[in-house]
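See structure below.
We name chains A, B, ... by the order of the sequence lines, and we start the count at 1 in each one.
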Amino acid sequence: MIRYYLKYRCFKMSSNSDKWLRLCFEPKELQLKGTLNGGQSFRWKQIDSEWIGVFNSKLWRIKQYEHGIEFKVYTSNDDEPLVKKQKIIESSCSTDIESIKELRDYFQLDFNLREHYTQWCKADELFNSVANDFYGIRMLKQEVLENIFSFICSSNNHISRISSMVEKLAIFYGKEICSYNGSTYYAFPTIEALNQDGVETKLRDNGFGYRAKYIANTAKIIAEKGGNKWITALQAMPYKEAKSELMTLTGVGAKVADCICLMSLAHTSAIPVDTHVYQIARHYISDMPKQKTVTDKLYQRIGDHFRKLYGPSAGWAQTVLFCADLKKFQARD
DNA sequence: GGCTTACCTTTCGG
DNA sequence: ACCGAAAGGTAAG
């Protein structure tokens, strides 16, 4: 068993509250652009040299630099419990350590990416050919609820439109975090907020199309199954069980369920087979049937192929191929 | 089990 | 500028 080590160091850039914190790691462990802009999360935008986005009900500004990343985090003040506020006054560094931990979890920095890249390069020529250009692409560990509703929005849809839909969900039903640089940022909504009357109508009026019903129904189903308790139970399930549980939700089929398993439940071998992956798979599998649609059987077969090729973290490897495939068609930057 | 069709709307490309 | 097609699919028959 190989143990992986990464070096983390944190220090303040200045002593006042408006400080940048640093998270250091080996080169090529994380590329912000490929990771945040690769179609996993729809809530990040690049402004000048920094990435701005929301997760865990906080606003994060993150910059890549030579030996890691620098970041600032903003929380809404009014919901901090008194005890926590006192704690902040006593020791501002404790929140810094919490922030660092949250960020490490979000980027899953305990996963040694470079070692895996080396293995995937050996295992597969196509991976090897894109690995240099698409280094440092990680799976994020996202909030489960955001992940579920984001990918319900993703069906038959463009990334640009998905992003605007997720933003609308946050604006309509999420709690305000803060304003920064002329924009107001909102947390992703709770299940209670999404399970109100009138959600379907409002979303339909705002261009969600048939997904409005999926979202309203799914919110209802999750609430009836116990809301956050259901989420906790889901997080404890093994991959197959979690996948079939997710597929009981409206608008969640095999592909979306696998996205959620991979991107927020840490099931590293889940392979979401979409049109891109299907096209990629055609290059690998010689006797691939000429069907236009992906049947259940074919879906399974394609996933198994990549799992055999890349091993237990095949989902991570496949995401790198997906990013490479995405960028091929948008080489405008 | 596999195949077809409808589904909403926006964005993209010719 | 206009218009058809595609867009990280799913559900129903």
Side-chain angles (χ1 to χ4, degrees), chain A residues 34-45 134 137 139-140 142 146-169 172 199-222 243-264 267 270-282 287-303 306 314-333:
Chain A
T35 303
L36 298 178
N37 200 27
Q40 297 182 51
S41 170
F42 304 97
R43 301 206 69 191
W44 292 94
K45 55 187 176 185
F134 297 91
I137 294 177
M139 293 311 308
L140 299 169
Q142 302 186 59
E146 175 181 326
N147 209 213
I148 289 173
F149 288 101
S150 295
F151 279 88
I152 286 176
C153 291
S154 77
S155 76
N156 213 351
N157 211 349
H158 300 264
I159 289 179
S160 55
R161 187 174 168 218
I162 302 165
S163 304
S164 77
M165 287 165 120
V166 175
E167 191 177 354
K168 281 178 191 171
L169 286 178
F172 294 161
V199 167
E200 181 179 344
T201 307
K202 174 146 183 166
L203 295 182
R204 204 167 253 283
D205 290 345
N206 280 277
F208 279 65
Y210 59 82
R211 300 166 199 82
K213 178 173 275 191
Y214 291 168
I215 289 169
N217 285 350
T218 288
K220 186 162 183 266
I221 295 169
I222 293 177
K243 181 172 174 180
S244 54
E245 179 62 24
L246 285 163
M247 287 175 72
T248 65
L249 306 173
T250 321
V252 178
K255 188 267 173 183
V256 170
D258 271 331
C259 284
I260 299 159
C261 284
L262 177 64
M263 299 174 182
S264 61
H267 296 303
I271 307 275
V273 179
D274 59 22
T275 53
H276 291 259
V277 176
Y278 183 43
Q279 293 310 317
I280 293 169
R282 302 190 78 95
D287 61 334
M288 177 74 80
K290 284 187 267 186
Q291 307 161 206
K292 200 177 165 204
T293 55
V294 181
T295 61
D296 290 352
K297 205 171 176 181
L298 190 52
Y299 187 101
Q300 186 63 36
R301 197 177 151 197
I302 292 170
F306 284 114
W316 284 60
Q318 185 275 315
T319 298
V320 178
L321 292 189
F322 178 79
C323 286
D325 204 58
L326 261 190
K327 292 299 186 294
K328 254 192 332 202
F329 301 106
Q330 40 168 255
R332 277 169 282 141
D333 47 311

Exercise for the section: Would you classify A:Leu262 as touching base, sugar-phosphate or nothing, given that sugar-phosphate means primed atoms plus P, OP1 and OP2, and contacts are heavy atoms under 4.0 Å? Expected result: nothing
Fill in the blank from the handout: Per atom distances to the A:Tyr214 side chain, the nearest of B:dC8, B:dG2, C:dT10 is C:dT10
Exercise for the section: Run the ring-centre check on A:Phe149 versus A:Phe42 and record whether the distance is less than 6.0 Å. Expected result: no
Problem - Check: C:dG9 base within 3.5 Å donor-acceptor of A:Tyr210 side chain - result: yes
Exercise for the section: Measure from CG on A:Leu326 to P on C:dA7 and round the result to the nearest Å. Expected result: 11 Å
Exercise for the section: Return yes if the base of B:dC12 and the side-chain atoms of A:Arg161 contain a donor-acceptor N/O pair under 3.5 Å, otherwise no. Expected result: no
Fill in the blank from the handout: Here the distance between atom C1' of C:dT10 and atom NZ of A:Lys243, to the nearest Å, is 14 Å
Exercise for the section: Under 4.0 Å between any heavy atoms, over every strand shown, what does A:Met165 touch: base, sugar-phosphate, or nothing? Just pick one. Expected result: nothing
Problem - Distance in angstrom units between A:Phe208 CZ and B:dC7 C1', rounded - result: 16 Å
Handout entry: Nucleotide nearest A:Thr293 when distance is taken to its side chain, options C:dG9, B:dG2, B:dT4
Key = B:dT4
Practice task
Provide the distance between the two P atoms, one in C:dC3 and one in B:dC8, to the nearest whole Å.
Solution key: 24 Å
Handout entry: A:Glu167 atom CD: more than 12 heavy-atom contacts under 6.0 Å
Key = no
Practice task
Please state how far atom NZ in A:Lys213 lies from atom C1' in C:dG9, giving the value in whole angstrom units.
Solution key: 17 Å
Handout entry: side-chain N/O A:Thr275 vs C:dG9 OP1/OP2, d < 4.0 Å
Key = yes
Fill in the blank from the handout: Of A:Gly38 and A:Thr250, the one whose nearest nucleotide on DNA chain C sits closer to the 5' end is A:Gly38
Problem - Value in whole Å for how far the C1' atom of C:dA5 lies from CG of A:Asn156 - result: 11 Å
Exercise for the section: Would you mind classifying the nucleic acid contact of A:Val256 as base, sugar-phosphate or nothing, using non-hydrogen atoms under 4.0 angstrom? Expected result: sugar-phosphate
Handout entry: Residue met sooner reading DNA chain C from 5', once A:His158 and A:Val252 are mapped to nucleotides
Key = A:His158
Problem - Whole-Å distance separating the CZ atom of A:Phe42 from the P atom of C:dA7 - result: 15 Å
Completion exercise
A:Ile162 atom CD1 is separated from B:dC12 atom P, nearest whole Å, by 12 Å
Handout entry: Pair of N/O donor and acceptor under 3.5 Å linking B:dC8 base with A:Arg211 side chain
Key = yes
Handout entry: Heavy atoms of other groups near A:Lys220 NZ, more than 12 under 6.0 Å
Key = no
Exercise for the section: Whole angstrom is fine here: how far is it from NZ in A:Lys297 over to P in B:dG2? Expected result: 5 Å
Problem - Watson-Crick/G-U partner (both atom distances under 3.5 Å) of B:dT11 - result: C:dA5
Exercise for the section: Using the ring of A:Phe172 (Phe, Tyr or Trp, six-membered ring only), decide whether A:Lys202 places NZ or CZ under 6.0 Å from its centre and within 45 degrees of its axis. Expected result: yes
Handout entry: cation_pi(A:Arg282, A:Tyr278) dist<6.0 Å, angle<=45
Key = yes
Practice task
Name the closest nucleotide to the A:Asp274 side chain, picking from C:dG9, B:dG2, B:dT11.
Solution key: C:dG9
Practice task
Examine the side chains of A:Ser155 and A:Tyr210 and answer whether a donor and an acceptor come within less than 3.5 Å of each other.
Solution key: yes
Exercise for the section: Classify the nucleic acid contact of A:Gly39 as base, sugar-phosphate or nothing, counting any heavy atom under 4.0 Å across all strands shown. Expected result: base
